[in-house]
Amino acid sequence: EEFIDLGGVQILAKLMNQVKGNVQAYLLQSLRTVLTFVSAMDIISNSPETVEEIWKLIDVEDSEEAQNFMLYKKSLELLIVFVSYLDNGYELILSTASSAGTPFGNLVVLLKADDLDVQVNALMLMNVLINKSPTEPDKTKLIFSWTVAGVIKYLENMGCIEYPAIKSQ
């Protein structure tokens, strides 16, 4: 609790985009551990910049550069937790994604990743976002933004995948 009270959550989030490799993985794991405390979730809820830092970890533009599968998997897991458990998680993710050049364009890259866990987590994030959409018009806007980004077209092509976790999403 003292670590959280002293601004540890924000420090972890800021450092994540300044380091690479194992240090980045350890920082993600530390943040996941800290999120077991309600006070840490409250801090995330009140700091969109922390969500932005996590979003930057999955902000890849083409599949050539999308090679750090463990990083994407863990980052997507955190984003799923934010949307699922924070009262304003949907708004935080939507706001962060909308500030990108092509909102949700990175999801297409992640869905094309050569790692099934990354694909499953990207699909799970999408499902959680749909489920947390407060109104039908919000769902429609969300799906429209995915269509513009090319996500829907790519999902149609994924229909032939036999991996059970992807099919269930």
Side-chain angles (χ1 to χ4, degrees), residues 1-61 65-111 113 115 117-135 137-139 141-143 145-146 149 151 169:
E1 291 275 337
E2 186 176 344
F3 175 78
I4 297 166
D5 293 339
L6 293 173
V9 173
Q10 294 93 332
I11 292 168
L12 289 174
K14 285 180 185 172
L15 286 174
M16 265 186 250
N17 285 297
Q18 297 174 8
V19 297
K20 299 287 180 213
N22 286 342
V23 175
Q24 206 170 36
Y26 293 135
L27 288 171
L28 272 173
Q29 186 58 44
S30 298
L31 186 58
R32 286 177 54 157
T33 302
V34 163
L35 290 177
T36 60
F37 293 94
V38 174
S39 57
M41 292 296 276
D42 291 341
I43 289 170
I44 299 286
S45 180
N46 294 315
S47 61
E49 56 280 349
T50 303
V51 175
E52 289 170 14
E53 292 297 328
I54 305 299
W55 185 265
K56 286 178 190 175
L57 296 174
I58 64 163
D59 197 15
V60 290
E61 295 186 13
E65 71 177 75
Q67 299 300 317
N68 197 342
F69 302 128
M70 190 58 70
L71 174 71
Y72 306 137
K73 178 184 167 193
K74 299 295 182 187
S75 300
L76 286 164
E77 288 172 357
L78 286 174
L79 294 169
I80 291 165
V81 168
F82 297 160
V83 175
S84 298
Y85 296 105
L86 297 177
D87 291 337
N88 63 339
Y90 173 83
E91 291 82 11
L92 287 170
I93 299 295
L94 202 63
S95 169
T96 300
S98 297
S99 66
T102 303
F104 297 106
N106 56 338
L107 288 182
V108 174
V109 176
L110 295 173
L111 289 169
D115 185 272
D117 289 331
V118 171
Q119 292 175 351
V120 168
N121 284 356
L123 288 169
M124 192 178 307
L125 176 61
M126 293 172 66
N127 279 335
V128 172
L129 283 167
I130 287 174
N131 288 333
K132 290 292 185 165
S133 296
T135 65
D138 287 331
K139 285 182 187 178
K141 287 179 191 174
L142 184 61
I143 292 170
S145 69
W146 292 345
V151 174
Q169 289 299 320

>> If you apply the rule side chain to side chain contact (heavy atoms under 4.5 Å, CB included), what do you find for Tyr26 with Leu31, and how did you get there?
In response: CA-CA 9 Å; Tyr26 293 135; Leu31 186 58; over 6 Å; no
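More than 12 heavy atoms of other residues, nucleotides or ligands shown are found within 6.0 angstrom of CG on Asp5.
Rounding to the nearest 0.5 Å gives a distance of 13.5 Å between NZ of Lys74 and CD of Gln24. Taking CG of Leu94 as the reference point, atom OG of Ser99 lies at 10.0 Å (rounded to 0.5 Å). To the nearest 0.5 Å, atom CG of residue Leu28 and atom CE of residue Met16 are 4.5 Å apart.
Contact detail for Ala149 and Pro103: the closest heavy-atom pair is CB-O, 3.4 Å. Closest approach of Leu129 and Tyr90 over heavy atoms only: O-CE1, 3.4 Å. Val151 and Phe104 make their closest contact through CG2-O, 3.8 Å (heavy atoms, listed as atom of the first residue, atom of the second, distance). Val118 and Lys73 get closest at one heavy-atom pair: CG2-N, 4.0 Å. Considering every non-hydrogen atom in both Met126 and Trp146, the closest pair reads O-CH2, 3.3 Å. Contact between Ala40 and Val9 at its shortest, heavy atoms only, is CB-CG2, 4.0 Å.
Looking only at side-chain heavy atoms (C-beta outward), Glu77 and Val81 stay at 4.5 Å or farther from each other. With a 4.5 Å cut-off on side-chain heavy atoms, Leu123 and Leu107 do not count as touching. By the 4.5 Å heavy-atom criterion applied to side chains, Leu57 and Tyr72 are not counted as neighbours. Using a 4.5 Å heavy-atom threshold, the side chains of Val51 and Phe82 count as touching. Residues Met41 and Leu86 have side chains in contact (heavy-atom distance under 4.5 Å, counting atoms from C-beta outward). Contact annotation: the side chain of Gln119 never approaches that of Leu110 to less than 4.5 Å [non-hydrogen atoms, C-beta and beyond]. Put simply, the side chain of Trp55 reaches to within 4.5 Å of the side chain of Asn106, judged on heavy atoms. Between Asn68 and Val60, the closest side-chain pair of non-hydrogen atoms is not below 4.5 Å.
A distance-only check finds no donor-acceptor pair linking the side chain of Glu52 to the backbone of Thr96 [under 3.5 Å]. Under a 3.5 Å cut-off, the side chain of Ser95 and the backbone N or O of Leu92 do not form any donor-acceptor pair.
Applying the salt bridge (charged side-chain N to carboxylate O under 4.0 Å, His left out) test to Lys132 and every residue at least two apart in sequence or in another chain returns nothing. By the side-chain contact (heavy atoms from CB on, under 4.5 Å) test, Ala13 is found to be paired with Thr50, Glu53, residues two or more places apart in sequence or in another chain being considered. For Ser84, the side-chain contact (heavy atoms from CB on, under 4.5 Å) partners are Ile80, Val128, not counting sequence neighbours.
Residues Ser45 and Asp42 have side chains that never bring a donor and an acceptor to within less than 3.5 angstrom of each other.
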